[in-house]
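In what follows, chains carry the letters A, B, and so on, assigned in the order in which the sequence lines appear, proteins first and then strands, with residues in each chain numbered from 1. Both backbone and side-chain heavy atoms feed into the values below; hydrogens, waters and symmetry mates do not. A quick note: this is a predicted structure, and the numbers were derived from the prediction, not measured.
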2 protein chains.
Amino acid sequence: MSRKDQIEQKATALFKAHGFTATSMRDLAHALGIEAASIYSHIRSKEEILQRICFRMAEEFFEGITAAVSEEGTAVDRLKNAVAAHVAVLTRNTEAAAVFLHEWRHLSEPFLLEFLEMRDRYEAHFRAIIRSGIHNGEFKVPDEKFAALTILSSLNWIHTWYKPEGKMSAQEIADSLSAMLLNGLRNN
Amino acid sequence: MSRKDQIEQKATALFKAHGFTATSMRDLAHALGIEAASIYSHIRSKEEILQRICFRMAEEFFEGITAAVSEEGTAVDRLKNAVAAHVAVLTRNTEAAAVFLHEWRHLSEPFLLEFLEMRDRYEAHFRAIIRSGIHNGEFKVPDEKFAALTILSSLNWIHTWYKPEGKMSAQEIADSLSAMLLNGLRNN
DNA sequence: CCTACCGATCGGTAGG
DNA sequence: CCTACCGATCGGTAGG
């Protein structure tokens with residue numbers, strides 16, 4: 001692993017643990033066992049690290065959803081695939097996922113704008129699945145946008161408790177969540 | 001409104017907008033039209049402001065859930081009441097709710113520990129409702145804790161878009177969310 | 001509530 | 001990758 005990757009990995013852990021602003025370059029240097037000034041041989045600025053984390057995660061989410069929605073099938077199937085893809089990205093790197101979800105607001109322009117546009121395009125894939133399910137009678141929900149955001153919100157807390165060594169696999173988590181979201185709590 | 005309340009209100013808005021760490025006492029003073037040093041006539045420290053916001057919101061959530069679970073009824077009814085109470089607190093003060101949800105980790109000990117204990121006791125009320133619903137056959141869910149956290153997660157994104165002047169009232173939002181969570185997306 | 005100020009720390013650069 | 005250092009800013013205090 002290159003020094004640059006090591007910097008990014010340590011920074012990801014610290015950004016998740018204490019937040020971007022509360023993490024100093026000296027904290028990061030200490031975790032790497034070098035001096036703060038030395039970090040700048042590999043990266044241009046503190047924010048560049050955040051940019052790399054946020055946009056790399058965004059790419060991973062897009063790759064997942066693109067594969068999920070390209071398959072044919074019912075809206076139920078496509079939603080299950082989308083949920084599974086989202087959970088897979090979240091669980092593959094929980095630290096980067098947490099930074100992606102909570103620290104993006106410290107991006108400066110024009111990166112912030114680009115980030116928000118990407119996020120909206122991502123959410124649009126979920127809205128489209130909901131919409132098609134409403135149209136063909138598979139789903140019954142009050143509002144397409146409302147439903148899409150509720151789904152994503154219920155997925156995005158996973159990083160707070162998921163452990164790779166835990167008893168549930170990413171696919172099992174995705175299946176449980178899909179079942180809850182599709183069928184509800186009620187014992188029909 | 002007392003000066004102390006004004007300070008807390010402005011701080012809440014700034015903490016939500018930029019985060020606790022990224023908000024300086026000079027930013028806060030500027031928003032109030034006074035000098036940074038003057039703030040310390042009313043509060044002891046920057047963190048004290050955060051403590052007051054977080055624990056006041058915690059109290060409000062507890063008041064809501066206590067009233068909701070004290071009523072008799074089915075697990076479905078009690079869950080609807082709990083969701084409505086939670087949404088009511090979230091929508092009554094979206095800025096303080098956002099700070100409560102995202103900035104609590106900047107509390108120092110022993111406040112952090114106390115905060116996390118309170119949060120767990122709050123979540124336990126939701127777990128208890130789910131559990132009783134499972135036992136009497138109203139609910140069918142894979143895991144009680146999993147279900148409770150999914151519910152709370154799907155509620156806690158409201159602060160990102162709720163506007164008091166919007167077309168949906170807090171009760172309508174709560175009803176839509178309860179319906180989605182109880183019945184699922186599927187058109188049964 | 002202000003002026004004046006404290007020591008500490010910030011992100012980052014120069015030069016080797 | 002280090003030493004040495006920059007100007008800016010931080011939370012907070014003294015004294016009025």
Side-chain angles (χ1 to χ4, degrees), chain A residues 1-55 95-96 99 102-112 115, chain B residues 1-55 95-96 99 102-112 115:
Chain A
M1 193 165 63
S2 73
R3 200 48 149 166
K4 190 165 180 172
D5 290 338
Q6 287 177 42
I7 291 170
E8 200 172 305
Q9 192 185 59
K10 286 282 185 194
T12 303
L14 291 171
F15 290 172
K16 176 180 180 178
H18 311 113
F20 174 74
T21 311
T23 301
S24 74
M25 295 304 271
R26 283 154 182 88
D27 293 337
L28 177 54
H30 182 77
L32 290 160
I34 60 177
E35 294 300 319
S38 306
I39 298 175
Y40 291 91
S41 304
H42 302 94
I43 56 111
R44 271 186 286 271
S45 68
K46 185 185 175 186
E47 197 195 310
E48 192 197 57
I49 306 176
L50 181 63
Q51 288 161 11
R52 289 173 60 88
I53 298 169
C54 288
F55 286 97
E95 288 178 343
V99 173
H102 296 124
E103 305 300 328
W104 56 266
R105 63 176 166 167
H106 296 111
L107 293 170
S108 63
E109 299 293 1
F111 305 100
L112 181 58
F115 182 88
Chain B
M1 195 164 62
S2 72
R3 201 48 151 165
K4 189 165 181 173
D5 290 338
Q6 286 177 42
I7 291 170
E8 201 172 304
Q9 193 184 59
K10 286 283 185 193
T12 303
L14 291 171
F15 290 172
K16 175 178 183 181
H18 310 114
F20 174 74
T21 312
T23 301
S24 74
M25 294 304 270
R26 282 156 183 84
D27 293 336
L28 177 54
H30 181 76
L32 291 160
I34 59 177
E35 293 300 319
S38 307
I39 299 174
Y40 291 91
S41 304
H42 302 93
I43 56 112
R44 272 186 286 271
S45 69
K46 185 186 177 187
E47 198 196 307
E48 193 198 57
I49 305 176
L50 182 63
Q51 288 161 13
R52 289 173 59 88
I53 298 169
C54 288
F55 286 97
E95 289 179 340
V99 173
H102 296 124
E103 306 300 329
W104 56 265
R105 63 177 166 167
H106 296 111
L107 293 169
S108 63
E109 299 293 0
F111 305 101
L112 181 58
F115 181 89

Quiz item: What do the steps show when you test A/Ile43 against A/Met25 for side chain to side chain contact (heavy atoms under 4.5 Å, CB included), and what is the final call?
Solution: CA-CA 11 Å; A/Ile43 56 111; A/Met25 295 304 271; 3.8 Å; yes
Quiz item: How about A/Glu103 and A/Ile53: do any of their side-chain heavy atoms sit closer than 4.5 Å?
Solution: no
Quiz item: Reading nucleotides 3-16 of chain C 5' to 3', which nucleotides get B (base under 4.0 Å from a protein heavy atom), which S (sugar-phosphate only), which -?
Solution: BB-----BBBB---
Quiz item: Donor-acceptor pair, A/Glu8 side chain versus A/Arg52 backbone, under 3.5 Å?
Solution: no
Quiz prompt | DNA chain C: stems of at least 3 consecutive Watson-Crick or G-U pairs whose donor-acceptor distances fall under 3.5 Å | solution = C:1-16 with D:1-16
Exercise. Check whether any side-chain heavy atom of A/Gln51 sits under 4.5 Å from a side-chain heavy atom of A/Glu48, and report yes or no.
Key: yes
Could you tabulate the donor-acceptor pairs under 3.5 Å formed by side-chain atoms of residues 14-22 of chain A, not counting sequence neighbours?
unit_1  : atom_1 : unit_2   : atom_2 : d
A/Lys16 : NZ     : A/His159 : O      : 3.2
A/Thr21 : OG1    : A/His106 : NE2    : 3.3

Self-check item: Closest heavy-atom pair and its distance - B/Arg26, B/Ala36
Solution: CG-CB, 3.8 Å
Quiz item: Which heavy-atom pair separates A/Thr12 from A/Glu95 by the least distance, and what is that distance?
Solution: CG2-C, 3.5 Å
